[in-house]
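Report on the following structure.
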Amino acid sequence: MTQQTILEPDGRAIPYIEEGEGPVSLVLISGRALSGDGLAVVAHYLTEEAGFHVVRVGPRAESAAQDRAETLRERAEDAVAVINHLGLEHTWIGGHAFGGTAARIFAAEHTDRVNGLLLLGVEGDEIPLAPAIPVLIVQATDDETTPSDNAEALQATAPERASIKTVNGADHLFPATHPIETAVIVEEYLDWD
């Protein structure tokens with residue numbers, strides 16, 4: 001297992017894991033503790049097999065957020081802190097479900113630092129896509145938590161730059177249950193960047 005690091009800007013304890021050194025950088029905002037977020041195998045495949053640089057940013061152990069909107073904003077701010085700490089000027093940003101929603105906020109507020117947006121399952125939040133960046137939506141066919149209708153509705157807002165790829169026969173936990181299939185989809189799309 002890759003070592004988790006804690007970044008402590010302004011008294012916040014932000015966990016993150018950094019893997020690989022490749023030319024394609026991807027920052028994944030996790031909706032859960034990094035030890036159980038289901039993204040570890042996807043990240044490891046992308047670093048070992050595709051040569052990517054992948055950073056997973058986890059949630060703080062203690063949060064001052066009072067509601068979902070504050071928590072999403074907090075997660076986006078934590079990703080900015082980690083990216084700044086690592087010296088990344090530009091990166092792909094993404095996440096699974098809640099983490100992807102936080103990534104949408106990050107991309108909207110920091111478009112100049114985003115090469116593209118990766119969404120693994122789309123929540124129904126009405127957060128518009130940031131302008132002028134490519135968007136890859138990976139959607140499981142049997143996901144009832146973040147159904148394909150959400151992905152299709154979001155893709156319809158920017159059909160010229162948003163693509164949907166599917167993981168057949170998978171449910172909401174597809175990054176954990178179908179990690180290689182998920183990683184290959186991401187590799188094939190991001191590798192052109």
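Not measured: the values here are computed from a predicted model.
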Would a hydrophobic clustering, with Ile, Leu, Val, Met, Phe, Trp and Tyr connected at side-chain separations under 4.5 Å, put Ile14 with Ile83?
yes

Intermediate values then yes/no, side chain to side chain contact (heavy atoms under 4.5 Å, CB included), Leu120 and Leu39:
CA-CA 10 Å; Leu120 304 171; Leu39 296 172; 3.8 Å; yes

Is any side-chain heavy atom of Thr5 closer than 4.5 Å to one of Ile17?
no

Is it true that Arg68 and Asp125 have a side-chain N and a carboxylate O under 4.0 angstrom from each other?
yes

Would you please name every residue forming a salt bridge (Lys or Arg N to Asp or Glu O under 4.0 Å) with Glu77, sequence neighbours left out?
none

Spacing of Glu188 atom CD and Ile185 atom CD1 [to the nearest 0.5 Å]:
8.0 Å

Treat each ILVMFWY residue as a node, draw an edge where side-chain heavy atoms are under 4.5 Å apart, and state whether Ile29 and Phe98 are in one component.
no

Got a donor-acceptor contact below 3.5 angstrom from the Arg56 side chain to the Leu34 backbone?
yes

List the atom of Ser25, the atom of His53, and the distance in Å for their closest heavy-atom pair.
OG-ND1, 2.8 Å

More than 12 heavy atoms of other groups within 6.0 Å of Arg161 CZ
yes

Would a 4.5 Å heavy-atom cut-off, applied to side chains only, mark Tyr16 and Gln4 as touching?
no

Within-4.5 Å side-chain heavy-atom neighbours: Leu28 and Leu26:
yes

Gly116 to Val114 - nearest heavy-atom pair and separation:
O-CG1, 3.1 Å

Not counting sequence neighbours, which residues clear ring-ring contact (aromatic ring centres under 6.0 Å, His included) with His44? List them please.
none

Hey, is Glu74 close enough to Arg60 for a salt bridge, meaning N to O under 4.0 Å?
yes

Please identify each residue that fulfils salt bridge (Lys or Arg N to Asp or Glu O under 4.0 Å) with Glu109, with sequence neighbours left out.
Arg73

List, one per line, each side-chain donor-acceptor pair under 3.5 Å for residues 131-140, sequence neighbours excluded.
residue: Gln139; atom: NE2; partner: Thr146; partner atom: O; Å: 2.6

Under the ring-ring contact (aromatic ring centres under 6.0 Å, His included) test, which residues partner His110, sequence neighbours left out?
Phe106

Less than 4.5 Å apart, any side-chain heavy atom of Val186 and any of Leu118?
yes

Hey, does Tyr45 have a side-chain heavy atom less than 4.5 Å from the side chain of Val184?
yes

Check residues 174-183 and write down every donor-acceptor pair under 3.5 Å in which the side-chain atom is one partner and the other belongs to a residue at least two apart or another chain.
residue: Thr177; atom: OG1; partner: Leu173; partner atom: O; Å: 3.4
residue: Thr182; atom: OG1; partner: His178; partner atom: O; Å: 2.8

Tell me, do Val55 and Val82 make a side-chain contact under 4.5 Å, heavy atoms counted?
yes

Nearest-0.5 Å distance, OG1 of residue Thr91 to CD1 of residue Ile93
6.5 Å

Is there a path from Val41 to Leu190 through hydrophobic residues (I, L, V, M, F, W, Y) whose side chains come within less than 4.5 Å of each other?
yes

Which heavy atom of Thr111 sits nearest to which heavy atom of Ala130, and what is that distance?
OG1-CB, 3.8 Å

To the nearest 0.5 Å, atom CG of Leu88 lies from atom CG of Asn115 at 10.0 Å

Once you round to the nearest 0.5 Å, how far does CG of Asp37 lie from NE2 of His96?
10.0 Å

Separation of Asp143 CG from Asp171 CG (nearest 0.5 Å):
7.0 Å

If we ignore hydrogens and angles and just use 3.5 Å, is the side chain of Arg75 paired with the main-chain N or O of Glu70 as donor and acceptor?
no

Do Val167 and Thr141 come within less than 4.5 Å of each other through their side chains, counting heavy atoms only?
no

Donor-acceptor contact present, side-chain Asp67 to main-chain Ala69, <3.5 Å
yes

Glu160 CD: over 12 foreign heavy atoms closer than 6.0 Å
yes

Shortest non-hydrogen separation from Leu119 to Gly100 and the atoms involved
CD2-O, 3.3 Å

According to a hydrophobic-cluster definition based on side-chain heavy atoms being under 4.5 Å apart (Ile, Leu, Val, Met, Phe, Trp, Tyr only), do Leu86 and Phe52 belong together?
no

Between Thr157 and Leu154, is there a side-chain heavy-atom distance shorter than 4.5 Å?
yes

Identify the two heavy atoms, one from Ser30 and one from Gly58, that lie closest to each other, and give their separation to 0.1 Å.
CB-CA, 4.3 Å

Closest contact, heavy atoms only, Asn150 versus Glu123
ND2-C, 3.6 Å

Show your reasoning for whether side chain to side chain contact (heavy atoms under 4.5 Å, CB included) applies to Val42 and Glu187.
CA-CA 10 Å; Val42 173; Glu187 175 189 15; over 6 Å; no

Roughly how far, to the nearest 0.5 Å, is the CG atom of Leu129 from the CD atom of Gln155?
9.5 Å

